[in-house]
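Every chain is numbered from 1 and lettered A, B, ... according to where its sequence line falls, protein lines coming before strand lines. Computation of the quantities below employed the complete heavy-atom set of this structure, encompassing side-chain atoms and omitting hydrogens, waters and symmetry-equivalent molecules.
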Number of protein chains: 2
Amino acid sequence: MPTIRDVAERAGVSVTTVSRVLNNRGYISEATRRKVYQAMEELDYQPNEVARSLFRKRSNIIGLIVPTVAHPFFAELTAYVEAYAYARGYKVLLCNSELDASKEQEYIWMLRRNQVDGIIMASHTLEVEEYKKLSLPVVTFDRFISNRIPYVTSDNYQGGKMAVELLLQRGCRKIAHMCGSLDLDMLANQRHRAFMDVAEERQVPYFTVETDINVFEMGKYEKLLEDLLTQEPEIDGLFLNSDIMAIAAMKVCRKLGKRIPEDMKIIGYDDVSLASLVSPQITSVRQPLAEMSELSVKLIEDLVEGRRVQVENCLPVELMERETT
Amino acid sequence: MPTIRDVAERAGVSVTTVSRVLNNRGYISEATRRKVYQAMEELDYQPNEVARSLFRKRSNIIGLIVPTVAHPFFAELTAYVEAYAYARGYKVLLCNSELDASKEQEYIWMLRRNQVDGIIMASHTLEVEEYKKLSLPVVTFDRFISNRIPYVTSDNYQGGKMAVELLLQRGCRKIAHMCGSLDLDMLANQRHRAFMDVAEERQVPYFTVETDINVFEMGKYEKLLEDLLTQEPEIDGLFLNSDIMAIAAMKVCRKLGKRIPEDMKIIGYDDVSLASLVSPQITSVRQPLAEMSELSVKLIEDLVEGRRVQVENCLPVELMERETT
DNA sequence: CAACATATGTCAACCGGTTAACATATGGGG
DNA sequence: CCCCATATGTTAACCGGTTGACATATGTTG
């Protein structure tokens with residue numbers, strides 16, 4: 001690999017001059033600039049970003065921690081984050097926590113050792129305290145840590161509300177909500193809050209199915225739902241906390257001979273592309289993932305630049321009614 | 001951020017000694033080791049990996065270039081690559097080429113500037129020549145570049161053969177294959193080779209639908225398939241090059257009132273988790289993604305370590321028969 | 001002609017580690 | 001008592017850029 005010294009020698013100028021060209025600072029004549037660029041070309045030179053990062057104390061790398069990129073929601077999130085990061089000159093170091101606290105912790109340490117400029121946390125397996133300790137810029141996704149750590153979220157309460165109201169409007173008399181663990185104080189729990197509020201207000205009997213501490217296992221979802229629907233065969237409306245869960249629900253209904261949407265209305269969450277791919281297309285509450293991702297990257301950048309940022313960043317959701325309601 | 005000097009001072013030893021502890025080299029007494037570790041703990045010290053990378057000329061970062069991680073196949077691939085990389089002490093820098101040649105090229109340059117140890121290329125928008133020029137370790141996914149660049153693939157010919165044979169065995173009389181552009185010399189094209197070979201051998205009429213240069217657009221798939229099936233209503237068997245395409249096919253069939261599998265047999269490819277999630281569950285040719293990913297990481301590692309590696313790494317595929325055939 | 005903008009060079013320090021070379025000290029084994 | 005393994009320190013160079021301080025030279029302008 002050629003170094004800046006090789007370039008300087010080849011172009012017949014000093015190292016300082018090459019650095020000046022590279023960084024566009026100080027006075028440089030067109031002629032010299034051309035000579036330098038030509039030398040770089042000839043040597044196929046590319047500046048060593050590791051050396052630059054060391055000096056600048058800036059790596060232009062963002063660490064992204066997700067539970068697993070194999071999950072469609074996080075895959076889409078990751079794709080968006082990557083796109084915006086790229087557009088702003090950042091690179092993305094991808095970390096899948098696999099919902100394993102120790103892996104997540106190790107990843108956090110690793111990211112710090114590697115001097116990433118900031119971390120976008122979309123996996124939350126650790127105690128809130130652990131996140132508070134972090135000394136580098138962090139933006140969380142859908143979780144409040146402290147009012148020193150900005151977070152990006154969408155209007156979960158409104159999303160839950162719209163979902164239940166749609167179910168009721170479509171005539172459901174007995175409904176259920178399936179969600180992740182409610183022990184963790186995730187913002188997504190507001191969906192359940194809304195679900196209960198509306199159900200109670202309208203005096204509609206309701207059930208809650210809490211999955212274990214964040215599992216993404218299809219089999220588990222199906223089992224839980226099948227148990228629920230056999231025990232409570234009168235349930236005619238399901239609100240699921242993800243589209244994947246909604247697909248599980250559709251499968252179970254098919255198995256139990258319940259027609260969708262005639263016998264059972266189903267509404268998912270996130271509106272991943274999958275939701276409109278399957279048949280019937282899933283009614284879902286859409287989170288503005290693109291905007292949320294863009295905002296996360298922007299927040300990291302603002303933090304790095306030392307700009308003041310808003311702690312709460314809540315974007316609106318949208319109900320996408322399709323064929324399952 | 002504390003430095004190694006701060007640690008040395010606090011522990012009352014020299015920088016060299018701290019470095020010795022950190023890297024486990026030379027003689028170190030237990031007492032000193034403890035003192036050093038304690039100082040690190042107290043200072044919350046973590047070695048700066050950027051500085052280390054600079055000196056070692058090793059970043060322990062692998063660049064992964066995929067068309068887009070939002071596509072389930074690449075999302076799963078990415079998840080596996082990440083897991084194996086993590087297990088072996090590597091980090092993953094994620095790059096989505098979005099099938100844009102210039103973005104892919106820029107990413108390659110970026111990865112080089114950032115001194116990644118190697119690149120796993122699962123996106124192939126550039127000319128073969130461009131890849132040959134790369135001076136750093138590269139492993140490609142499903143594409144042959146030259147016999148200096150190892151590649152990981154699965155038995156595409158066999159996969160195509162099994163797919164068509166299953167269709168015929170299930171009684172199809174007129175079949176079609178939908179695939180990406182056949183102009184690029186992708187190894188996946190062997191599936192089409194096999195498709196034609198078998199169809200001709202058995203004298204079954206067949207059709208080919210080539211999508212444009214690698215699009216991942218659902219709408220496009222549906223349009224192409226709908227056109228085909230309205231023009232050739234007698235087609236009763238479809239072999240699709242991905243499970244996403246298979247889902248598009250199912251949608252079109254539903255629209256045209258063709259029952260699956262009675263009126264139309266469908267077989268996808270990859271066996272992403274989606275394939276067994278939707279209803280009816282998709283019959284698909286399974287690529288051993290986990291093994292392929294593991295192998296890719298291992299190959300990069302071997303190349304980095306200067307070990308000899310095999311150029312062709314072809315793993316077996318498996319037919320997963322489900323409900324669409 | 002003085003003053004200043006433009007253009008380039010030299011030199012050295014710095015970013016935060018790593019390492020080789022060499023010095024020094026201690027304690028145990030033969 | 002000598003030799004050697006063990007343990008630690010000192011010093012300096014190095015990885016590949018960046019930057020500030022300062023020197024120098026040329027050309028332009030009022």
Side-chain angles (χ1 to χ4, degrees), chain A residues 1-40 43-61 109-117 135-136, chain B residues 1-40 43-61 109-117 135-136:
Chain A
M1 286 278 114
T3 72
I4 197 174
R5 286 157 235 280
D6 300 323
V7 175
E9 200 173 326
R10 175 133 199 158
V13 299
S14 72
V15 168
T16 305
T17 299
V18 178
S19 181
R20 282 183 184 126
V21 171
L22 231 39
N23 298 288
N24 251 313
R25 8 184 318 131
Y27 296 118
I28 291 290
S29 69
E30 255 324 297
T32 304
R33 200 181 293 274
R34 265 201 303 279
K35 270 195 305 185
V36 171
Y37 278 133
Q38 200 191 328
M40 288 183 183
L43 292 172
D44 191 21
Y45 169 81
Q46 304 243 193
N48 181 328
E49 288 296 336
V50 172
R52 289 178 140 187
S53 297
L54 180 57
F55 185 86
R56 295 203 226 270
K57 294 166 178 298
R58 273 273 224 122
S59 59
N60 283 305
I61 296 179
W109 287 331
M110 182 279 275
L111 291 173
R112 198 182 136 195
R113 286 197 302 274
N114 283 274
Q115 316 293 117
V116 297
D117 289 352
S135 48
L136 69 179
Chain B
M1 285 280 114
T3 72
I4 197 173
R5 285 158 236 277
D6 300 322
V7 174
E9 202 173 324
R10 175 130 198 159
V13 299
S14 71
V15 167
T16 307
T17 298
V18 178
S19 181
R20 280 183 186 130
V21 170
L22 232 38
N23 298 288
N24 252 313
R25 7 181 320 128
Y27 296 117
I28 291 289
S29 68
E30 255 322 298
T32 305
R33 198 182 295 272
R34 265 199 305 276
K35 270 195 305 186
V36 171
Y37 278 133
Q38 200 191 327
M40 290 182 180
L43 293 171
D44 194 20
Y45 169 81
Q46 302 242 195
N48 181 328
E49 288 296 335
V50 172
R52 289 179 141 184
S53 297
L54 179 57
F55 185 87
R56 295 204 227 271
K57 296 166 176 298
R58 272 274 223 122
S59 60
N60 281 302
I61 296 179
W109 286 332
M110 180 280 275
L111 291 173
R112 199 184 134 192
R113 286 198 300 276
N114 282 275
Q115 317 293 120
V116 298
D117 289 351
S135 48
L136 70 180

Would you say A:Lys57 places a side-chain N or O within less than 4.0 Å of OP1 or OP2 belonging to D:dT18?
no
Just compare C:dT8, C:dG16, C:dT19 and give me whichever is closest to any side-chain atom of B:Asn48.
C:dG16
For a stem of at least 3 consecutive Watson-Crick or G-U pairs with distances under 3.5 Å, i pairing with j, i+1 with j-1 and so on, which stems involve DNA chain D?
C:1-30 with D:1-30
When rounded to the nearest 0.5 Å, the distance separating CZ of B:Arg113 from OG of A:Ser53 is 11.0 Å
Pick the nucleotide of DNA chain D nearest each of B:Thr16 and B:Leu54; which residue has the one closer to the 5' end?
B:Thr16
For A:Ser29, answer base if it contacts any base atom (sugar-phosphate contacts may also be present), sugar-phosphate if it contacts only those atoms, and nothing otherwise; contact means non-hydrogen atoms under 4.0 Å.
sugar-phosphate
Would you kindly check whether a donor in the side chain of A:Arg56 faces an acceptor in the base of D:dG17, or vice versa, at under 3.5 angstrom?
no
Using a cut-off of 6.0 Å, state whether more than 12 heavy atoms not belonging to A:Gln46 lie near its atom CD.
yes
Measure the distance from CZ on B:Arg113 to P on D:dC15 and round it to the nearest whole Å.
22 Å
Find which nucleotide of DNA chain D each of A:Gln46 and B:Thr17 is nearest to by heavy atoms, and output the residue with the more 5' nucleotide.
B:Thr17
For B:Arg20, report the nucleic acid contact type (base, sugar-phosphate, nothing); a contact means any heavy atom under 4.0 Å.
base
Of the options D:dG9, C:dT19, C:dG16, whose atoms approach the side-chain atoms of B:Val13 most closely?
D:dG9
For the pair made of CD in A:Glu9 and P in C:dT8, what is the distance, rounded to whole Å?
19 Å
Would you please confirm or rule out a distance under 4.0 Å between OP1 or OP2 of C:dG16 and any side-chain N or O of B:Thr3?
no
Between B:Arg25 and C:dA20, does any side-chain N or O lie under 4.0 Å from OP1 or OP2?
yes
From CG of A:Asn24 over to C1' of D:dT18, roughly how many Å is that when rounded to an integer?
14 Å
Does A:Arg20 reach the side chain of A:Val13, with side-chain heavy atoms less than 4.5 Å apart?
no
May I ask you to test the B:Met110-A:Asn60 pair for a side-chain heavy-atom distance under 4.5 Å?
no
If you only use heavy atoms from C-beta on, which nucleotide in C:dT18, C:dG16, D:dG16 is closest to the side chain of A:Ala51?
D:dG16
Picking from D:dA5, C:dG17, C:dT19, the nucleotide nearest the side-chain atoms of B:Tyr27 would be D:dA5
Pairwise side-chain contact, B:Arg52 with B:Glu49, heavy-atom cut-off 4.5 Å (strictly under)
yes
Between A:Asn48 and A:Val50 (side chain of the first, backbone of the second, donor and acceptor by atom type, cut-off under 3.5 Å), is there such a pair?
yes
Shortest non-hydrogen pair, A:Val116 vs A:Ser59, comes out as CA-OG, 3.5 Å
A:Leu22 CG to D:dG16 P, straight-line distance once rounded to whole Å
15 Å
Whole-Å gap separating P (D:dT19) and CD1 (A:Ile28):
13 Å
Should the side chain of B:Arg5 and the base of C:dG17 be counted as holding a donor-acceptor pair, with the cut-off at 3.5 Å?
yes
For atom CD of B:Glu30 and atom C1' of D:dT8, their distance in whole Å
15 Å
Short side-chain donor-acceptor distance under 3.5 Å, A:Thr16 and A:Ser19
no
Expressed in angstrom and rounded to an integer, what is the separation of B:Phe55 atom CZ from D:dA12 atom P?
17 Å
Which whole-number value in Å describes the distance from A:Gln115 CD to C:dC15 C1'?
10 Å
